[in-house]
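Worksheet: one structure, shown below.
Atoms within each ligand, like the ligands themselves, are counted from 1 in listed order. By convention here, the first residue in the shown sequence is residue 1.
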Amino acid sequence: MPKIVIIGAGIVGCSLADELTERGYCDVVVLEKGPLWKPGGSTSHAPGVVFQANGSRTMAQFARQTVEKLYSIQHNGEPCFLKVGSLEIATTPERLAELHRRAGLAQSAGINARVIPPDEALKLHPLLVPDKLLGALYVPDDGIARAILADEVMGERAISRGARFVSDCEVLAIDQSEGRVTGVQTTQGSFPADIIVSCAGIWGPKIGAMVGMSKALQPLAHQLCYTAPMPELATYTTEAELPVLRHQGSDLYFKQRGQSLAVGWYGHKPLPVKAENILPGEPAGLMPSQVPFTPEHWKGAMELSAEVIPALKQAEIVESMNGLFSFTVDNFPLMGEWAGLKGFWVAEAVWVTHGCGVARAMAEWIVNGHPTLAVHECDVNRFETHQLGALHIEERGAQNFVEVYDLLHPLQPMESPRPIRTTGFYPRQQELGGFFLEAAGYERPQWYEANAGLLARYDCPPRDAWSSKFWSPIIGAEARAVREGVGLFDITTLKRIEVTGKGALEFLERMTTGNLHKKPGAITYCLLLNESGGILSDITVMRRGERDFFIGVNSNIDIHYLRQAAPDTVQVRDITAGTVGLGLFGPKAREVAQRLTPDDLGNEALGYFRLKSTYLGHVPVMLCRLSYVGELGYEIYTTADLALKLWDTLWQAGQQYGLIAAGRGAFNSMRLEKGYRSYGTDMNSEHNPHEAGLSFAVRKGGGYIGAEAFQAIDPAALSRRLVCLVLENPQQVVMGKEPVMHQGKVVGYLTSAYFGYTIGKPLAYAWVPAALSTQGTGLTIRYFDQDYPAIVGQDPQYDPQMTRLKS
Ligand code: FAD
Ligand code: THG
């Protein structure tokens, strides 16, 4: 059994000790620099307000598990969770619409949530202003976590199973040898460890620095005040009965504490603090995770509060704090084993709300090799290098603080700092009027204004105001023009690696489901599975030479996953930034490319899923005959220095064929029509290849990770499936993630959604129960407060015979 050291006894550390010892991993020591059970971290003063609704299914599940766990454990006979419910209130029509959208997100994650009228909200919370409310989002199972008490209960339970908690013990250094952790040095001597889990919250960057790890986590101060007992609350005798409240429109939240109210405020400017400057108890009386209250930043909070809770006009503030907690560059926590040091794990930037769920996933990960829930959004190894710079972490962290309650469109990019990464095609894309969104830090055109003229040829149905954001009808025109002619797509953001060296083939055959024993020049679409047969990624493996593979992967997580498993003779190299890619797709793609090379590009010479190294004009390229948009054509790769030359070469050759530059919008629409899954959106580690419709990508026989589990699955007895839904009304466009209903009940949720411009209908992929997955089944999609009818359709909708691709 491994020796495990947990750093920090906040909600995450205590819950993790509980979950590990429950699974029989009892050689656990929790080191805490403060006193138990109120050591002075963020958990020690958090009001513990829990709202489960979240745009991420995984985060919502973490919250649901936290509520269930805290509600089930008792401190002196009382549950550690007060299920008082929550209300998010709307005072504007825009916010009311947003609450409908949030209700949908919550429902699709299995959380009981509904929008209620003002009178119902007033009954639940009589202090609310009667005349300004338009409605509220009500989640009956939300409430208040009694986090410190829960820490004690979970900690004592872990101790009863053999864990040790050492208080007043500060970790000062991490010991390592040959790329593995071996233990920690503390103010109370050294502790050996095979596994160290840093649950240090806002001090996470400081612990990271001990091993040379930069953590994308920014501590920020946040203001919270408590009122004196209020006469309006005089009749309440328990800790809390009123639902917790959010008034996002004014950056406020509220909870009851007996006869007082707590008022939390995000309306002030961001107040970042450096982790290394967070010192214990300075000035005296403050917890280490607090900095002195700054009344100038509180200005306006009470006036805005009184607009929705009039009783607060007279209320006196008796306790006030600037409390520190963590923000990250993308709002997700940091979880998992850091790729830079074996045995060094992290569980940080976690709210109380998600604490127990995160801890459970961490324990499963450590004990079983992978968690039950999909954690790719939270993986500590997900970041691009540029995201790990101090300036970036501070700027994006601060921006996420500002936007914490903002009404954000799912496609909305941050405005600053941008641009960060640009491909060599950027100047040309700007000349063509590219409308850019950000992808992995790269500027990536969504469409090109230069194609506006195509609208005369291709009409495009109108959309509602929400789905029209970050969208243009030009997207539709581009998609159709590519299907009829040829388009140029920038596919540089697709991650690329090289796997080379002695044993590369055997290594990849173990790691992937592909049959890779093919002659150089072959391309194979295959999967990475975990031991339980869950999908970790879908990739394309291009065999360039006997021991030379070029692989298109989905994320940095894939790269670290392959690298950590590679034997010493096999090199895994990320070549994304050093190379660029263009997709030349459409029925005329071959004619364009053929003008640029004397090599025969005919179907016999360079068939579907084959690659060729050649020159297009002056530019050395790798031509790969595959297409995520489902048309004849090539992915074309070259080195970054030749980007502009490649673009210009293709552009010139394409003019007589009507070549257009096409953006990501058209790309997505075409991908969805062709039914190609997008990892992380359509499927993830919670799904097996049969359910996801990807069993064709798994080779017969075994020898790959996950084979036993995969072979044990009965494809005739699946409980759910990924299906293609077709909406009949062309004006009913949805965005993805909405709940799917059947006979008034939520039965599933959408993954990707887009308008299919060639088939002329909106499309959406969705996870639904197997019993509702047969073609022709009628379902409804809840979009804001509307029900849109949809039918399970053929998958894929476009070119199921593959005639376009293979000709
Ligand atoms: P912590 O509770 O900070 O625990 C980390 C522990 O690590 C600390 O006890 C620390 O002493 C210890 N440690 C650090 N370095 C070392 C070292 N070198 N050696 C030994 N020990 C070390 N979240 C919600 O979900 N709902 C809310 O309503 C809410 N409100 C909040 C209001 C305020 C004012 C603040 C500041 C935060 C709020 N949060 C809320 C956020 C929440 O409090 C935190 O995200 C959460 O408590 C973090 O838990 P943790 O276990 O990761 O960290
Ligand atoms: N291009 C490359 N690599 C990639 C992607 C890509 N890796 C990550 C991601 N995208 C993988 N996704 C897909 C999805 C489908 C296909 C390729 C990559 C594809 N599928 C064929 C099909 O299902 O019809 C496979 C046919 C076959 O196996 O013969 O083309 O966009 N380089």
Side-chain angles (χ1 to χ4, degrees), residues 6-16 30-34 38-51 63 66 144-145 147 151 166-172 184 186-187 198-204 206-207 210 219-224 244 253 255 262 264 275 278 280 287-290 321-326 333 347-355 358-359 491 494-496 514 523-526 537-542 550-555 558 581 583 608-609 624 626-630 635 637 671 674-679 694 696-697 796 802 805-806:
I6 295 173
I7 306 173
I11 186 85
V12 178
C14 290
S15 192
L16 179 58
V30 182
L31 304 176
E32 169 53 62
K33 67 184 166 67
K38 201 175 170 186
S42 306
T43 310
S44 299
H45 56 70
V49 174
V50 173
F51 292 83
T66 303
I144 300 169
D151 284 358
V166 186
S167 59
D168 305 297
C169 177
E170 181 172 358
V171 172
L172 303 170
V184 295
T186 77
T187 46
S198 184
C199 305
I202 49 175
W203 291 275
K206 213 171 155 181
I207 306 283
M210 295 175 189
L220 284 137
H222 155 60
Q223 292 194 305
L224 175 72
V244 293
Y253 67 87
K255 80 156 190 180
I278 307 172
M287 282 188 200
S289 59
Q290 293 176 330
M321 70 170 88
N322 282 20
L324 299 174
F325 73 115
S326 307
E348 282 159 354
V350 178
W351 287 34
V352 168
T353 301
H354 309 109
V358 165
I491 57 167
L494 173 86
K495 293 236 164 317
R496 296 169 292 284
I523 303 175
T524 308
Y525 173 67
C526 56
S537 190
D538 67 334
I539 63 175
T540 56
V541 181
M542 323 220 178
F550 175 106
I551 307 183
V553 299
N554 281 300
S555 70
D558 295 353
Y608 182 56
F609 261 62
C624 308
L626 78 157
S627 158
Y628 210 23
V629 305
E635 291 183 350
Y637 297 100
R671 154 180 100 72
K674 187 66 186 95
Y676 288 156
R677 279 72 167 134
S678 173
Y679 188 79
L694 293 175
F696 72 89
M802 309 280 286
L805 278 164
K806 291 193 172 168

Exercise. Return yes or no for this condition: an N or O of Val352 is under 3.5 Å from an N or O of ligand 1.
Key: yes
Exercise. Would you please determine whether Lys495 falls within less than 4.0 Å of ligand 2 on a heavy-atom basis?
Key: no
Quiz item: If hydrogens are left out, which of Thr353, Leu324, Ile7 has an atom nearest to atom 25 (O) of ligand 1, that is, the closest non-hydrogen atom?
Solution: Thr353
Quiz item: Where is the nearest protein heavy atom to atom 45 (O) of ligand 1: which residue, which atom, and how far?
Solution: Val350 O, 2.7 Å
Exercise. Just need the protein heavy atom nearest to atom 47 (O) of ligand 1, so name the residue and atom and give the distance.
Key: Thr43 OG1, 2.8 Å
Quiz item: Do Tyr253 and Phe51 have ring centres separated by under 6.0 Å?
Solution: no
Practice problem: Answer whether the closest heavy-atom distance between the side chains of Met542 and Glu635 falls below 4.5 Å. | Solution: yes
Quiz item: Does Gly40 have a heavy atom less than 4.0 Å from any atom of ligand 1?
Solution: no
Quiz item: Heavy atoms only: which of Tyr525, Phe609, Tyr628 is nearest to atom 30 (O) of ligand 2?
Solution: Phe609
Quiz item: For atom 34 (C) of ligand 1, what is the nearest protein heavy atom, given as residue, atom name and distance?
Solution: His222 CD2, 3.5 Å
Quiz item: Are the side chain of Thr187 and the backbone of Glu170 linked by a donor-acceptor contact shorter than 3.5 Å?
Solution: yes
Quiz item: Does Glu170 come within less than 4.0 Å of ligand 1, judged by its heavy atoms?
Solution: yes
Exercise. Closest by any non-hydrogen atom to atom 39 (N) of ligand 1: pick that one out of Ala46, Gly13, Ala221.
Key: Ala46
Quiz item: Any side-chain heavy-atom pair from Met210 and Val171 closer than 4.5 angstrom?
Solution: yes
Quiz item: Can you find a non-hydrogen atom of Met542 under 4.0 Å from ligand 2?
Solution: yes
Quiz item: With a 4.0 Å cut-off on heavy atoms, does Ser289 reach ligand 1?
Solution: no
Practice problem: Give the residue and atom name of whichever protein heavy atom lies nearest to atom 41 (C) of ligand 1, and the separation in Å to one decimal. | Solution: Phe325 CD1, 3.4 Å
Practice problem: Below 4.0 angstrom from a heavy atom of Gly8, which ligand 1 atoms are there? Numbered from 1 as shown, please. | Solution: 6 (C), 7 (O), 12 (C)
Quiz item: Between Val49 and ligand 1, which part of the residue brings a heavy atom under 4.0 Å of the ligand: side chain, backbone, both or neither?
Solution: both
Quiz item: Non-hydrogen atoms of Ile11 versus ligand 1: any pair closer than 4.0 Å?
Solution: yes
Quiz item: Looking only at non-hydrogen atoms, which of Tyr676, Tyr637, Phe696 approaches atom 24 (O) of ligand 2 most closely?
Solution: Tyr676
Quiz item: Which protein heavy atom lies closest to atom 11 (O) of ligand 1, and at what distance to 0.1 Å?
Solution: Glu32 OE2, 2.6 Å
Quiz prompt | Contact partition for Ile491 relative to ligand 2, non-hydrogen atoms under 4.0 Å | solution = neither
Practice problem: Distance to 0.1 Å, residue and atom name: give those for the protein heavy atom nearest to atom 2 (C) of ligand 2. | Solution: Thr540 OG1, 3.1 Å
Quiz item: Would Phe550 count as a contact of ligand 2 if the rule is a heavy atom under 4.0 Å away?
Solution: no
Quiz item: For atom 52 (O) of ligand 1, which of Asn322, Val12, Ile202 has the closest heavy atom?
Solution: Val12
Quiz item: Which residue supplies the protein heavy atom nearest to atom 31 (C) of ligand 1, what is that atom called, and how far is it?
Solution: Pro47 CD, 3.4 Å
Exercise. Classify the ring geometry between Phe325 and Trp351 as parallel (under 30°), tilted (30 to 60°) or perpendicular (over 60°).
Key: perpendicular
Practice problem: Select one of side chain, backbone, both or neither to describe which atoms of Ile207 lie under 4.0 Å from any atom of ligand 1, heavy atoms only. | Solution: side chain
Exercise. Name the closest protein heavy atom to atom 36 (C) of ligand 1, giving the residue it belongs to and the distance to 0.1 Å.
Key: His45 CE1, 3.1 Å
Exercise. Kindly confirm or rule out an N or O of Val171 lying under 3.5 angstrom from an N or O of ligand 1.
Key: yes
Quiz item: How about Asp558 and Lys495: do any of their side-chain heavy atoms sit closer than 4.5 Å?
Solution: no
Quiz item: Heavy-atom contact under 4.0 Å between Cys169 and ligand 1?
Solution: yes
Self-check item: Nearest neighbour in protein (non-hydrogen) for atom 13 (N) of ligand 1
Solution: Lys33 CE, 3.8 Å
Quiz item: Which atoms of ligand 1 have any heavy atom of Tyr253 under 4.0 Å away?
Solution: 30 (N), 32 (C)
Exercise. Before signing off on this row, confirm whether Ser42 and ligand 1 have an N or O atom pair separated by under 3.5 Å.
Key: yes
Exercise. Examine the proximity of ligand 2 to Tyr679 and report which part, side chain or backbone, both or neither, has a heavy atom under 4.0 Å away.
Key: neither
Self-check item: ligand 1 contact by Gln223, heavy-atom criterion under 4.0 angstrom
Solution: no
